[in-house]
There are 2 protein chains.
Amino acid sequence: MDSQFLKKLGLKATLPRIKILEILESAGTARHMSAEDVYKALLEHGEDVGLATVYRVLTQFEQAGILTRHHFEGGQSVFEMDEGKHHDHILCTRCGRVDEFLDPTIEERQKAIADKFGYSMTDHSLYIYGICKECRKTEKA
Amino acid sequence: MDSQFLKKLGLKATLPRIKILEILESAGTARHMSAEDVYKALLEHGEDVGLATVYRVLTQFEQAGILTRHHFEGGQSVFEMDEGKHHDHILCTRCGRVDEFLDPTIEERQKAIADKFGYSMTDHSLYIYGICKECRKTEKA
DNA sequence: AACAACAATGCAAAAGATTATCATTTGTTT
DNA sequence: AAACAAATGATAATCTTTTGCATTGTTGTT
């Protein structure tokens, strides 16, 4: 049950938090959601949660380490449930498709670079932008 | 002369554009500036340019390919004059220091990943976040 | 099961960054 | 110098996110 999960994080098991957790968990493939996306999904499920609360809860979840906030190009932040393994993103600027990858070589080089410049690395973000296969087909039209 | 440079880009040599170009060119080390930064610099130089114009001009310069817009963490965009060579960034989340690097291995891996997922890569952004040497010294206090 | 204590919520207002509108000014061409 | 189109400045508008505050809900305790 989600309420136990929340309590373990030191968060009260409130209805908004439980519902938002459900939305995020059940998001499946399209699991890169903006706060607005989450808010709309809640409304569609008949839940009456304020947008401000969505922002607050997402921020708390981020601090609790169960989701990651990304700053893709073009304005708003998108959130993604962590499923243990870190990964980077490659996204299509035409259709918005997102794929995930993990490249040990790159990870390793990043650490080496941080060392070389005297930084203790806390985080990093890598986004590759491009046009996906599907969109390249269509664009010929 | 900057006005010739602007004309070559297909842009009228207006006073605001010339002044903004000067600011950017003379920015030296701290050459990662937000629109607000540029605006303030203009005011300090006694130039009377509107903030809206700063945004417009920076966007035009970006489209003309003479500067790059970055989306660092935390809100606003920062702009940086292109000096030919592409590079990535490592930044200190404590003091805002920015260093630049280019790692051929990473560049290469990125291309390989794009290929593997069927994307034609158009762009990429890599930011490493950490605490720089100076800040680690101070933090002990 | 009711209660007090305090955290969480919802709404609306505020804030911050960026863009759009539009009358006026400026740069370019003739 | 005139004429035209493009650029500017001031302001309003937009969009995303945060904040203030009165009200409501959750939790550990009787």
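On a predicted model such as this, the values are computed, not experimentally measured, just so you know. A note on names: the letters A, B, ... follow the listed sequences, proteins ahead of strands, and every chain is numbered from 1. Just the heavy atoms: all of them, side chains too, but no hydrogens, waters or symmetry mates, feed the values below.
Under the 4.0 Å criterion applied to side-chain N and carboxylate O atoms, Arg109(A) and Glu107(B) are not assigned as salt-bridge partners. Ion pairing between Glu22(B) and Arg17(B) fails under the 4.0 Å rule for side-chain N and carboxylate O. Salt bridge Glu108(A)/Lys111(A): absent, no basic N to carboxylate O contact under 4.0 Å.
For DNA chain D, the contact window with chain A, defined by any atom under 4.0 Å from a protein heavy atom, covers dT16(D) to dT27(D) in 5' to 3' order.
Screening Ile20(B), Ile18(B), Val38(B) for a side-chain contact (heavy atoms from CB on, under 4.5 Å) with Val57(B), the sole residue that qualifies is Ile20(B).
Applying the ring pair (Phe, Tyr, Trp, His ring centres under 6.0 Å) criterion to His45(A), with sequence neighbours excluded, gives no partner residue.
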Please report the C-alpha distance between Arg31(A) and Glu100(A) in whole Å, then the side-chain angles of each, then the deciding distance to 0.1 Å, and finally whether the salt bridge (Lys or Arg N to Asp or Glu O under 4.0 Å) criterion is met. CA-CA 11 Å; Arg31(A) 56 207 195 58; Glu100(A) 303 172 348; 2.9 Å; yes

Could you walk me through whether Phe72(A) and His89(A) satisfy the ring pair (Phe, Tyr, Trp, His ring centres under 6.0 Å) test, starting with their C-alpha distance in whole Å, then the side-chain angles of each, then the deciding distance to 0.1 Å, before giving a yes or no? CA-CA 10 Å; Phe72(A) 292 162; His89(A) 296 85; 5.7 Å; yes

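With contacts defined as side-chain heavy-atom distances shorter than 4.5 Å, the pair Leu126(B)/Tyr127(A) does not qualify. Taking 4.5 Å as the limit, every side-chain heavy atom of Ile90(B) sits out of range of all side-chain heavy atoms of Arg97(B). No side-chain heavy atom of Thr68(A) sits less than 4.5 Å from a side-chain heavy atom of Glu62(A). With a 4.5 Å cut-off on side-chain heavy atoms, Ile128(A) and Tyr119(B) do not count as touching.
For Thr93(A) (side chain) and Tyr129(A) (main-chain N/O), no donor-acceptor pair under 3.5 Å exists by modelled atom type. Formation of a donor-acceptor pair under 3.5 Å by the Asp115(B) side chain with backbone atoms of Ala112(B) is not found in this model.
Gln110(B) CD to Ile106(A) CD1: the interatomic distance, rounded to the nearest 0.5 Å, is 5.5 Å.
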Treat primed atoms plus P, OP1 and OP2 as sugar-phosphate and everything else as base, then score nucleotides 17-22 of chain C 5' to 3': B for base contact with protein heavy atoms under 4.0 Å, S for sugar-phosphate contact only, - for none. SBBBB-

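We find that CG of Asp37(B) is positioned 14 Å from C1' of dG16(C), with the value rounded to whole Å.
DNA chain D is contacted by no residue of residues 40-47 of chain A, taking any non-hydrogen atom closer than 4.0 Å. Listed by residue number, Lys12(A), Thr14(A), Pro16(A), Arg17(A) are the residues of residues 9-25 of chain A with a heavy-atom contact under 4.0 Å to DNA chain C.
For Lys8(B), the NZ atom is loosely surrounded, since the number of other residues' heavy atoms within 6.0 Å does not exceed 12.
The terminal axes of the helix from dA1(C)-dT30(D) to dT30(C)-dA1(D), fitted over 5 pairs per end, subtend an angle of 30° to the nearest 10°.
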